[in-house]
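Structure first, then comments.
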Amino acid sequence: MDFNNKIIYQIYPKSFKDTNGDGIGDLNGIIEKLDYIKDLGTDYIWLSPIMKSPQNDNGYDISDYYTIDPMFGNNEDYLRLIKEAKKRDLKVMMDLVLNHTSTSHEWFKRAVSGDMKYQEYYIFRDEPTELESVFGGDAWKYLPELDKYYLHMFDETQADLNWDCEALRNEIYEMINYWINQGVEGFRLDVIDMIGKNVETGEISRTPRFYELLEELNIKTFADKLLTVGECWGASFEQAQKMCNPKGLTQLFHFHDTTITNDEVKWDQKPLDLDALSALLARWNNSYDGINAWVLGNHDSPRRLSLWLNDDKYRKESAKLLITLYGFLRGNLYIYQGDEIGMTNAHMHDIKNYNDVETYNYYNEMKLKGISDKTTMDKIAVVSRDNARIPMQWNDTDYAGFSNVEPWLKMYEGYKDINVEKDLEADDSVYRYYQEIIKFRKEHSDIISETITFKTNGDILYFRKDNYVGILNFSDKISDIQPLGDVVFSNYHNVTHELRPYECIVFKI
Ligand code: GLC
Ligand code: CA
């Protein structure tokens with residue numbers, strides 16, 4: 001199977017399109033928009049989890065792997081979605097959360113009620129260790145019923161599964177094969193590199209045991225037949241080589257560029273370093289043997305155009321600059337809903353408008369430390385995951401055509417200007433620019449697979465791939481340029497002797 005040079009469109013189902021008027025996106029809403037997604041040039045759609053869940057972490061806390069959460073529809077709707085997608089030559093990629101389940105999962109409930117079989121499925125200890133949860137605070141929670149502690153690397157309602165238990169592994173494999181039989185053609189594996197964790201030594205990600213478990217998972221389920229992508233924050237180049245092969249995963253998200261402006265913690269941001277960015281893009285583009293998974297945005301990060309560029313006066317230019325840069329990289333592109341019309345951060349400064357558990361944990365932690373609300377909210381407004389989770393902006397009617405009632409998460413106030421309908425009508429549509437870049441990638445896969453070189457000069461980034469030269473201005477400073485040949489892409493109406501704010505041009509020399 002050739003999994004290279006694909007476009008994967010990520011849908012955050014809760015915020016994509018509501019069709020039954022409950023303010024929550026649903027599967028019928030996705031079906032309604034399949035043509036819109038396909039027309040972009042998409043090959044796969046990846047849906048963030050839609051299985052039954054109490055939604056403490058928006059579906060990443062699954063309580064039943066086999067049943068679609070009623071808020072999204074039912075299993076028949078999902079099968080219809082797969083069928084409708086297939087008709088359009090779109091494949092459906094499912095989000096698999098295998099590191100933990102919700103504490104409302106039947107397995108966990110049975111464990112709590114004293115069933116030894118199911119206690120083996122989770123990680124229980126008489127005494128906690130030093131481990132901290134990714135979402136802040138202690139990773140162990142005391143359970144009075146058993147007089148034991150259970151591990152939760154994320155929220156306390158997300159109990160970590162014990163991958164050393166063979167019976168558990170077999171249940172997981174059976175479930176994955178069930179979905180493959182239902183027509184799912186790809187998987188995104190949530191924090192998969194944590195399944196081999198060693199709580200005694202505190203080694204969590206990518207332990208030697210992880211690689212063994214991954215190989216078994218692969219053999220027993222998807223093998224090398226389906227496109228699989230693992231969520232592996234910070235994976236090194238060498239680790240990626242080791243786990244992405246026919247006996248592991250197709251590819252992984254390392255997120256080195258996503259986190260490039262994080263200071264010590266993500267809540268503290270520093271300016272974008274173009275030299276560091278281009279060095280990492282070049283390394284993975286040029287030397288990596290596997291298929292890169294480039295992520296322009298996702299449900300765990302703020303909108304990149306707001307973070308790196310200008311989401312106000314030069315919003316469209318900025319959105320186009322980003323897709324131009326990533327559009328020339330070798331591998332697959334993951335496009336997050338709304339990026340294709342240049343959606344921005346939500347810029348919300350009132351904690352009441354937030355939903356995300358991680359954001360609240362941070363907020364409460366800062367409050368305890370005596371940090372002022374203003375300081376904390378200024379950071380949350382820039383970094384919170386809810387920035388990308390706000391409802392999709394389809395048009396300028398009430399609730400942006402996402403729903404006809406107040407949505408589960410506050411709409412972005414600027415939706416009257418930034419929405420799909422308006423973008424598609426505009427001469428300088430971001431969506432159509434995305435389309436052109438994607439078309440170019442598909443038609444010139446030989447060029448896309450070439451090596452790339454970068455050069456920086458202040459806020460200007462230059463790249464060269466084959467006979468294509470890109471000039472990208474990451475600031476509003478104006479400088480002189482010499483046209484270098486035929487203009488292949490430009491985010492302004494014309495090309496002059498000046499490089500204007502956030503202008504990007506690709507020449508064929
Ligand atoms: C992944 C998901 C994130 C979730 C976490 C725990 O990082 O992308 O949304 O909170 O795993 O499942
Ligand atoms: Ca709905």
Side-chain angles (χ1 to χ4, degrees), residues 48-49 51 53 57 59-63 65 93-103 105 107-108 111 118-125 129 131-135 139-140 150-180 186-224 226 228-236 239-245 247-255 293 300:
S48 278
M51 288 98 148
S53 158
D57 188 22
Y60 285 94
D61 48 326
I62 294 176
S63 57
Y65 286 107
M93 180 184 265
M94 184 176 235
D95 208 319
L96 281 178
V97 188
L98 307 180
N99 177 68
H100 45 265
T101 70
S102 162
T103 49
H105 195 290
W107 299 338
F108 194 80
Y118 292 100
Q119 282 176 26
E120 272 295 300
Y121 279 28
Y122 294 91
I123 303 177
F124 286 104
R125 291 288 184 276
T129 65
L131 284 176
E132 282 223 11
S133 151
V134 176
F135 287 166
W140 295 97
Y150 69 87
L151 181 72
H152 63 88
M153 288 307 298
F154 293 89
D155 185 52
E156 61 179 53
T157 62
Q158 291 166 299
D160 279 55
L161 290 166
N162 173 22
W163 276 72
D164 282 330
C165 169
E166 197 185 339
L168 176 267
R169 295 204 303 275
N170 287 335
E171 291 226 38
I172 297 269
Y173 303 150
E174 198 180 309
M175 177 272 291
I176 296 174
N177 289 327
Y178 169 81
W179 286 115
I180 294 175
F187 292 109
R188 178 263 186 190
L189 297 102
D190 191 65
V191 292
I192 189 65
D193 57 353
M194 292 167 87
I195 59 173
K197 68 181 75 68
N198 182 332
V199 293
E200 271 64 47
T201 63
E203 292 160 283
I204 301 298
S205 300
R206 305 180 290 275
T207 60
R209 178 77 180 128
F210 160 69
Y211 294 95
E212 293 168 13
L213 290 170
L214 181 63
E215 191 169 329
E216 186 183 276
L217 169 65
N218 168 301
I219 292 169
K220 302 267 177 149
T221 60
F222 41 74
D224 59 353
L226 273 67
T228 51
V229 57
E231 189 197 21
C232 304
W233 291 84
S236 71
Q239 289 168 334
Q241 302 272 27
K242 196 166 155 191
M243 77 177 93
C244 297
N245 53 53
K247 289 185 165 173
L249 303 170
T250 312
Q251 55 189 184
L252 58 73
F253 299 136
H254 53 65
F255 295 127
D300 288 329

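Computed from heavy atoms alone, side chains included, the values below leave out hydrogens, waters and symmetry copies.
A salt bridge is defined here as a Lys NZ or Arg NE, NH1 or NH2 lying under 4.0 Å from an Asp or Glu carboxylate O, and E216 with R169 meets this definition. A salt bridge links E200 with R125: the closest approach of a Lys/Arg side-chain nitrogen to an acidic carboxylate oxygen falls below 4.0 angstrom. Contact check on K247 versus D224 returns no salt bridge, with no Lys/Arg side-chain nitrogen under 4.0 Å from an Asp/Glu carboxylate oxygen.
The shortest side-chain heavy-atom distance between W163 and I123 does not fall under the 4.5 Å cut-off. Looking at heavy atoms from C-beta onward, D95 lies in side-chain contact with D190 at the 4.5 angstrom threshold. Side-chain contact between L98 and M175 is present, with heavy atoms from C-beta onward closer than 4.5 Å. Under the 4.5 Å side-chain criterion, counting only non-hydrogen atoms from C-beta, V229 is not in contact with L189. In this structure, the side chains of M194 and F154 come closer than 4.5 Å at one or more pairs of heavy atoms. The side-chain heavy atoms of R206 and M243, taken from C-beta on, include a pair separated by under 4.5 Å. Looking only at side-chain heavy atoms (C-beta outward), L168 and Y118 stay at 4.5 Å or farther from each other. Counting heavy atoms from C-beta on, the side chains of L161 and T101 come closer than 4.5 Å.
Put simply, CG on L96 and CD1 on I172 are 8.5 Å apart, with the number rounded to the nearest 0.5 Å. A distance of 12.0 Å separates NE2 in H100 from NE2 in H152, rounded to the nearest 0.5 Å. Put simply, CG on L226 and CH2 on W179 are 14.5 Å apart, with the number rounded to the nearest 0.5 Å. A distance of 9.0 Å separates OG in S236 from NZ in K242, rounded to the nearest 0.5 Å.
Judged purely by atom type and a 3.5 angstrom limit, Q119 uses its side chain to pair as donor or acceptor with the backbone of A111. Side-chain atoms of S133 never come within 3.5 Å of backbone atoms of A139 as a donor-acceptor pair (strictly under, hydrogens ignored). In this structure a side-chain-to-backbone donor-acceptor pair under 3.5 Å is present from Q158 to Y60. Judged by distance alone, the side chain of N218 and the main-chain N or O of A223 form a donor-acceptor pair under 3.5 Å.
H105 pairs by the ring-ring contact (aromatic ring centres under 6.0 Å, His included) definition with Y65, W107, not counting sequence neighbours. In terms of the ring-ring contact (aromatic ring centres under 6.0 Å, His included) criterion, Y211 has no residue partners (sequence neighbours excluded). Applying the ring-ring contact (aromatic ring centres under 6.0 Å, His included) test to F108 and every residue at least two apart in sequence or in another chain returns Y122, Y150.
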Evaluate the side chain to side chain contact (heavy atoms under 4.5 Å, CB included) criterion for residues D300 and W233: first the C-alpha distance (whole Å), next the side-chain angles of each, then the deciding distance (0.1 Å), finally the verdict. CA-CA 11 Å; D300 288 329; W233 291 84; 4.3 Å; yes

Chi angles and distances behind the side chain to side chain contact (heavy atoms under 4.5 Å, CB included) call for I192, L217: CA-CA 11 Å; I192 189 65; L217 169 65; 4.1 Å; yes

Run V97 and M51 through side chain to side chain contact (heavy atoms under 4.5 Å, CB included) and show every step you take. CA-CA 10 Å; V97 188; M51 288 98 148; over 6 Å; no

How far apart are the C-alpha atoms of S53 and S102, what are their side-chain angles, what is the distance that settles it, and do they pass the side-chain hydrogen bond (donor to acceptor under 3.5 Å, both in side chains) test? CA-CA 7 Å; S53 158; S102 162; over 6 Å; no

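The environment of CD in Q241 is crowded: more than 12 heavy-atom neighbours from other residues, nucleotides or ligands sit within 6.0 Å. Residue Q239 qualifies as enclosed at atom CD: its count of foreign heavy atoms under 6.0 Å is above 12.
Of the candidates D164, D160, T207, N162, D160 is the only one forming a side chain to side chain donor-acceptor pair (under 3.5 Å) with K197.
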